[in-house]
Amino acid sequence: MFTNDRRQEERTGKSGTPRLQFLQTLVSQFQNASDEETKERLVANLANFAYDPYNYTFLRQLNVLELFLDCITEPNEKVVEFGVGGICNSCADPTNAAIVTQNGGIPLIIQCLSSPVRNTVNYAIGALYYLCNSSNKEEILKPEVIDAIRRYAGAESVSFSNLAKAFLAKHVPSNHLDNIS
């Protein structure tokens, strides 16, 4: 459920931690964490906050989108998964999408298409679905990306198939959709 100021006050009470402060604490804990499980848990928490438009301003203020991009470069597959999940959750918003693209996010997200982790691939397809526009479609709609997404469109996995088909239907001209059932 999406949050607003009134609902946030009801949930935290008069003496509760304000959202910005709470998110800042998560970011600080992530930055100071040396334990991989702790990092996974913290970036997963941040990714969960990224789905709610109420949090977008806070996430931008705290550079969480950039943190998510940094996570994609980590060797820990769970951190990558949650990082690209946070990007996917937040980039339906045009301002967030612009931050991701301006900070070199597109090539990082494209790399996630070859991940062995199913959720990472799903989040990557979803993020590219939202990020692809007239200003960056040449960077996203490269033949190797379209081929990968076509393979997912033909997969038996319904989540891969449906998401990939939606991407292709929205962003790839119909003459490029041959061989997709």
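Residue numbers start at 1 and run along the sequence shown. Predicted, not measured: the structure shown is a model, and the values here were computed from it.
Without hydrogens or angle criteria, Ser161 side chain to Ala153 main chain gives a donor-acceptor distance under 3.5 Å.
Taking the centre of each ring, Phe49 and Phe22 come in below the 6.0 Å mark.
In this structure, CD on Glu37 lies 11.0 Å from NZ on Lys78, to the nearest 0.5 angstrom. Rounded to the nearest 0.5 angstrom, Ile140 CD1 and Ile106 CD1 are separated by 4.0 Å. If you take CD on Gln21 and CG on Leu26, they are separated by 11.0 Å, rounding to the nearest 0.5 Å. Atom CD1 of Ile109 sits about 5.0 Å away from atom CD1 of Ile72, to the nearest 0.5 Å. With values rounded to the nearest 0.5 angstrom, Leu62 atom CG is found 5.0 Å from Leu20 atom CG. Separating the CD1 atom in Ile125 from the CG atom in Asn162 is a distance of 11.0 Å, to the nearest 0.5 Å.
Within the 4.5 Å cutoff, the side chain of Arg19 has heavy atoms near those of the Asn55 side chain. Looking at heavy atoms from C-beta onward, Leu128 lies in side-chain contact with Leu113 at the 4.5 angstrom threshold. For the pair Val64/Leu23, no side-chain contact is recorded, criterion being any heavy-atom separation below 4.5 Å from C-beta on.
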Decide yes or no on side chain to side chain donor-acceptor pair (under 3.5 Å) for Ser159 and Asn122, but give the supporting numbers first. CA-CA 7 Å; Ser159 64; Asn122 270 338; 3.2 Å; yes
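Looking at residues two or more places apart in sequence or on another chain, you find a side-chain contact (heavy atoms from CB on, under 4.5 Å) between Ser115 and Glu77, Val117, Thr120, Val121. Here Gln24 pairs with Ser28 under the side chain to side chain donor-acceptor pair (under 3.5 Å) rule; sequence neighbours left out. Listed by chain and number, the residues in a side chain to side chain donor-acceptor pair (under 3.5 Å) with Asn89 amount to none (sequence neighbours excluded). The side chain to side chain donor-acceptor pair (under 3.5 Å) search around Thr73 returns none, not counting sequence neighbours. Among residues two or more places apart in sequence or in another chain, the side-chain contact (heavy atoms from CB on, under 4.5 Å) test is passed with Gln31 by Val27. The side chain to side chain donor-acceptor pair (under 3.5 Å) search around Asn76 returns Glu36, Glu40, not counting sequence neighbours. In this view, Asp70 satisfies the side-chain contact (heavy atoms from CB on, under 4.5 Å) rule with no residue, not counting sequence neighbours. In this structure Asp35 satisfies the salt bridge (Lys or Arg N to Asp or Glu O under 4.0 Å) test with no other residue, sequence neighbours excluded. With sequence neighbours excluded, no residue forms a salt bridge (Lys or Arg N to Asp or Glu O under 4.0 Å) with Glu139. With sequence neighbours excluded, the residues forming a side-chain contact (heavy atoms from CB on, under 4.5 Å) with Arg60 are Tyr56, Thr57, Leu65, Asp93, Thr95, Asn96, Ile99, listed by chain and number.
When every heavy atom of Cys71 is checked against every heavy atom of Val80, the shortest pair comes out as O-CG2, 3.5 Å. When all heavy atoms of Ala97 and Cys91 are compared, the closest pair comes out as CB-O, 3.5 Å. The two atoms that bring Ala127 and Ile87 nearest to each other are CB-CG2, 4.1 Å, heavy atoms only.
For the ring pair (Phe, Tyr, Trp, His ring centres under 6.0 Å) condition, the pairs that include at least one residue of residues 137-164, sequence neighbours left out, are Tyr152-Phe160. Within the structure, the ring pair (Phe, Tyr, Trp, His ring centres under 6.0 Å) test picks out the following pairs touching residues 93-143 (sequence neighbours left out): Tyr129-His171.
When each of Leu46, Val43, Leu42 is checked for a side-chain contact (heavy atoms from CB on, under 4.5 Å) with Phe82, only Val43 meets the rule.
Heavy atoms of other residues, nucleotides or ligands lying less than 6.0 angstrom from CD of Glu138 number 12 at most.
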